Amino acid sequence: MYTRTEPLRQPVQFTFEGQPVQAEAGETLAAALLAGNVGAFRTTPVSGSDRAAYCLMGACFECLVTVDGTPNRQACMTEVRDGMVVTRQRGAA
């Protein structure tokens, strides 16, 4: 579990699975979800196993989410913005 060491200076808000999440402007979606104590970002197509951010540099694709209706977005490579709607990606999109 991750916690923030500093208070948010430029907060933005987005939703994940319909729940509001506070983030710092400019941080990645993966960092914001981890700080928001989100467990699984997606499930695998074959077994349905939960997955979350792993490498945090765009190499592994474990952090795929759906952003504003667009699937297969890497949370570690996507900057948060106010009002974005993020959902867990279930299986192959």
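Not measured: the values here are computed from a predicted model.
Rounded to the nearest 0.5 angstrom, L56 CG and E62 CD are separated by 11.5 Å. Note that the OG1 atom of T43 and the CZ atom of R88 stand 8.5 Å from one another [nearest 0.5 Å]. The CZ atom of R73 lies 7.5 Å from the CE atom of M84; values are rounded to the nearest 0.5 Å.
Proximity of a side-chain donor or acceptor of Q89 to a complementary backbone N or O of N72 within less than 3.5 Å is detected. Of the possible polar contacts, none joining the R51 side chain to the F41 backbone as a donor-acceptor pair under 3.5 Å is found. Between the side chain of S49 and the backbone N or O of T44, no donor-acceptor pair lies under 3.5 Å.
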Could you walk me through whether D82 and Q13 pass side-chain contact (heavy atoms from CB on, under 4.5 Å), step by step? CA-CA 5 Å; D82 203 39; Q13 184 171 299; 4.0 Å; yes
Using side-chain contact (heavy atoms from CB on, under 4.5 Å), reason through E17 and V38 one step at a time and then give a plain yes or no. CA-CA 10 Å; E17 294 291 310; V38 170; over 6 Å; no
Step-by-step side-chain contact (heavy atoms from CB on, under 4.5 Å) determination, V12 to R81: CA-CA 6 Å; V12 295; R81 59 184 158 60; over 6 Å; no
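Checked against F14 for a side chain to side chain contact (heavy atoms under 4.5 Å, CB included), the options V67, V85, L33, D68 give a single hit: L33.
Proximity of E24 to Q10: side-chain heavy atoms (C-beta onward) are separated by under 4.5 Å at one or more points. Annotation: side chain of R4 is in contact with side chain of E27 (closest heavy-atom distance under 4.5 Å).
Cluster annotation: F16 is connected to Y2 through the hydrophobic network of ILVMFWY side chains, with a link wherever side-chain heavy atoms come within less than 4.5 Å. Tracing side-chain contacts under 4.5 Å through hydrophobic residues (I, L, V, M, F, W, Y), one never reaches L34 starting from L64; they form parts of separate clusters.
The nearest pair of heavy atoms linking A59 to C55 is N-SG, 3.3 Å. For the pair C76 and C63, the tightest heavy-atom approach, listed with the atom from each and the gap, is N-SG, 3.4 Å. Minimum heavy-atom separation, V80 to A32: CG1-CB, 3.9 Å.
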